[in-house]
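To find a chain, count down the sequence lines: A is the first, B the second, and so on, and within it residues start at 1.
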Number of protein chains: 2
Amino acid sequence: MNWQDKLNKEGLRLTTPRRVVISVLEAAGVPLSPQTIHQRSLDADEEIGLVSVYRTLEMLTDLGLVRRVHGHEACLGYVLASPGHHHHLVCRSCSTAVEFSGMDDLSTLIDHIQEETGFLVDEHMLQFSGLCPQCRKRTPHHDQD
Amino acid sequence: MNWQDKLNKEGLRLTTPRRVVISVLEAAGVPLSPQTIHQRSLDADEEIGLVSVYRTLEMLTDLGLVRRVHGHEACLGYVLASPGHHHHLVCRSCSTAVEFSGMDDLSTLIDHIQEETGFLVDEHMLQFSGLCPQCRKRTPHHDQD
DNA sequence: TCCTTATTGAAAATAGTTTTCAATAAGAAA
DNA sequence: TTTCTTATTGAAAACTATTTTCAATAAGGA
Ligand SMILES: [Mn+2]
Ligand SMILES: [Mn+2]
Ligand SMILES: [Zn+2]
Ligand SMILES: [Zn+2]
């Protein structure tokens, strides 16, 4: 299903600002902040308002089509996300972001935590960072620690 | 080692604002925002500046004595942290935060991700939320889903 | 007790995000 | 295609969070 249908199905309209935000995110493939998305759309001679960037990101996040990616310190930005439960792995050198599920290993961990703490665990946030294959080549090797 | 020594060891001074921030965090046991910490210190008749709260939190975070806790949407706040690598589990009802390590299960997951993606994974952020034992009792039961 | 300097806090500056509201344009219907 | 409804836009203002500046203060070693 294309973007037009995805939005119309929800009674939403595929407008120029929304088209532009989506295409900037598609072209980037790395997490981008609202400001950066806005700047890149201006660079592409698409004069949309920063407010619309915020509103589009919120809307797409609600639909599960975009996801926030966080670092230890702050929110790194927004990336297009495929539907369903998964997590992101971000390269600390070039910011390339890839998705993974990791369901099986995590459920083992969650079971252990529930037993140890007595908590009922129903939500989690998990993100990894490291070096992508390309950036590993450029960086001097370290032995695994 | 007490707080006095922990700070002096680094050439830092244990001042009134720092003492107050620490005692508010100790009394709370749940993640608190800078604003909340400031308000609670005023409530306790300790008139410190909000700026000092920010500066103290940054300093303690750098020393690894305090940790930021995040939700999917935003930063939930700061909690005292024991030294070393671990994660937090936060109750979505009463905000109680407990620590856990989960090293073993995670390293299995990390190995899988490294094999699948070719990334070198060297950092991660993992946080769980759910219901603590007390809050489970107060809440109508749901079967595990 | 003295002295050095790390630290404080009021104020201003900066940054990020949300609200408001009249004008506009998407897309369903005719 | 044209019309009509209303979801959406964007400039401006409001709001909130955080950082910087700098003269005054106080921590703690000497
Ligand atoms: Mn998961
Ligand atoms: Mn870990
Ligand atoms: Zn990379
Ligand atoms: Zn609870």
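- Each of B:L12 and B:V51 was matched to the nucleotide of DNA chain C holding its nearest heavy atom; the match closer to the 5' end belongs to B:L12.
- Two residues, B:T16 and B:L50, neighbour DNA chain D, and the one matched to the more 5' nucleotide by heavy-atom proximity is B:L50.
- Following rounding to the nearest Å, B:H38 (NE2) and D:dA17 (C1') show an atom-to-atom distance of 14 Å.
- Heavy-atom nearest nucleotides on DNA chain D were determined for A:T15 and for B:L14, and the one closer to the 5' end corresponds to A:T15.
- Atom OG of B:S129 and atom CG of A:D122 lie 6.0 Å apart (nearest 0.5 Å).
- In this entry the distance linking OH of A:Y54 with P of D:dA14 reads 19 Å, nearest Å.
- Aromatic pair A:F119/B:F128: centroids not less than 6.0 angstrom apart.
- From the 5' end on, the contacts that DNA chain C makes with chain A at under 4.0 Å to a non-hydrogen atom open and close at C:dG16 to C:dG27.
- Across the protein-nucleic acid pair, B:R13 atom CZ and D:dA30 atom P stand 12 Å apart, rounded to whole Å.
- Side-chain N/O atoms of A:E99 and A:H86 include a donor and acceptor closer than 3.5 Å.
- Contact annotation: the side chain of A:V98 never approaches that of A:H88 to less than 4.5 Å [non-hydrogen atoms, C-beta and beyond].
- Residue contacts for B:E47: at a heavy-atom cut-off of 4.0 Å it reaches the sugar-phosphate backbone alone, with no base atom in range.
- Base contact: B:R55 has a heavy atom under 4.0 Å from a base atom.
- Judged purely by atom type and a 3.5 angstrom limit, A:Q127 uses its side chain to pair as donor or acceptor with the backbone of A:H70.
- Following chains of ILVMFWY side-chain contacts shorter than 4.5 Å, one can reach A:I22 starting from A:V30, so the two form part of one hydrophobic cluster.
- Other residues, nucleotides and ligands contribute at most 12 non-hydrogen atoms within 6.0 Å of the CD atom of A:E47.
- Checking side-chain atoms of A:R67 against main-chain N and O of A:Y78 turns up no donor-acceptor pair under 3.5 Å.
- As judged by a 4.0 angstrom heavy-atom cut-off over every strand, B:Q4 is placed among residues touching the sugar-phosphate backbone only.
- Separating the CD atom in B:E58 from the CZ atom in B:R55 is a distance of 10.0 Å, to the nearest 0.5 Å.
- If one axis is set at each end of the helix from C:dT1-D:dA30 to C:dA30-D:dT1 from five pairs, those axes are 40° apart, to 10°.
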